[in-house]
*Asks:* 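Provided herewith is a single structure, encoded as structure tokens, for subsequent inquiry.
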Amino acid sequence: VLVCGRVEERKNQVNIIRALAGTELNITFLGEINQNNKRYTEIFKGLVEAHGNIDYISGCAVEEVKSYYLRAKCHLSASRFEVSSLVDLESYFCGCSVVSSRKGYSQEILSAPGFRTVDPDNRENIRGTTLLAVSEFEDAGPWKRCVEELSWRNAGNALTGILSAQLSG
């Protein structure tokens, strides 16, 4: 399981660790420390050190991130607040199962097999959904994605269809 993003309370890494504690999943956190969240990052680092199946990588070059996505079975983002998450899109197109926060808008863009959402405040939901996503990946992944799925042409065609239905109805 890969979790990308700046380490800070809003990104919810501590709750992710607590949700997945006791599983046999290997979890990698990738992202810089938010210097304005020092107490939170101290808790995060302590939890990482306490679990042998969790790694934390800071300072990864942007060019290297894709290799982490390609090795991951699942990308997990359980942020307490998010917009349309870039890491959701990147991991999606790299073939990962994607588990994304319901407190964001990725579900408005992505809805293919291998995409699921979680309540970032519900550890049981995070745990169960992540385990299911990893299992599905092991059965069917990596997921084949087509860049054209999210083209402006497809968005325009969908909008045209909606507007035509409204005007004729």
*Asks:* Same cluster or not: L2 versus I54, using hydrophobic residues (I, L, V, M, F, W, Y) connected whenever any side-chain heavy atoms lie under 4.5 Å apart?
*Replies:* no
*Asks:* For residues P142 and F137, determine if any side-chain heavy atom of one lies less than 4.5 Å from a side-chain heavy atom of the other.
*Replies:* yes
*Asks:* Please answer whether the main-chain N or O of E8 pairs with a side-chain N or O of N34 as donor and acceptor at a distance below 3.5 Å.
*Replies:* no
*Asks:* Under 3.5 Å, is there a donor-acceptor pair between the side chain of H75 and the main chain of V1?
*Replies:* no
*Asks:* Does K11 pair with E82 as a salt bridge, N-O distance under 4.0 Å?
*Replies:* yes
*Asks:* Minimum heavy-atom separation for V118 and S77, please, with both atom names.
*Replies:* CG2-O, 4.5 Å
*Asks:* Would you give me the side-chain donor-acceptor pairs under 3.5 Å for residues 94-102, sequence neighbours excluded?
*Replies:*
from, atom 1, to, atom 2, distance (Å)
S97, OG, A133, O, 3.1
S97, OG, W143, NE1, 2.9
S100, OG, D88, OD2, 2.4
S101, OG, S79, O, 2.6
S101, OG, K103, N, 2.9
R102, NE, T117, OG1, 3.3

*Asks:* Determine the minimum heavy-atom distance between A78 and N12, stating which atoms define it.
*Replies:* O-ND2, 2.8 Å
*Asks:* Quick one: does any side-chain atom of T129 pair with a main-chain N or O of I126 as donor and acceptor, under 3.5 Å?
*Replies:* no
*Asks:* Looking at E136 and R116, does any basic side-chain N land under 4.0 Å from a carboxylate oxygen?
*Replies:* yes
*Asks:* Is a side-chain N or O of T130 found less than 3.5 angstrom from the main chain of R127, in a donor-acceptor match?
*Replies:* no
*Asks:* Side chain of N37, backbone of Y40: donor and acceptor closer than 3.5 Å?
*Replies:* no
*Asks:* Okay, side chain of R10, backbone of F81: is any donor-acceptor separation there less than 3.5 Å?
*Replies:* yes
*Asks:* When rounded to the nearest 0.5 angstrom, what is the spacing between NZ in K45 and CD in Q13?
*Replies:* 12.5 Å
*Asks:* Donor-acceptor check, side chain of S164 to backbone of T160, threshold 3.5 angstrom: yes or no?
*Replies:* yes
*Asks:* What side-chain donor-acceptor pairs closer than 3.5 Å can you find for residues 25-33, not counting sequence neighbours?
*Replies:*
from, atom 1, to, atom 2, distance (Å)
E32, OE1, S58, OG, 3.4
E32, OE2, G59, N, 3.0

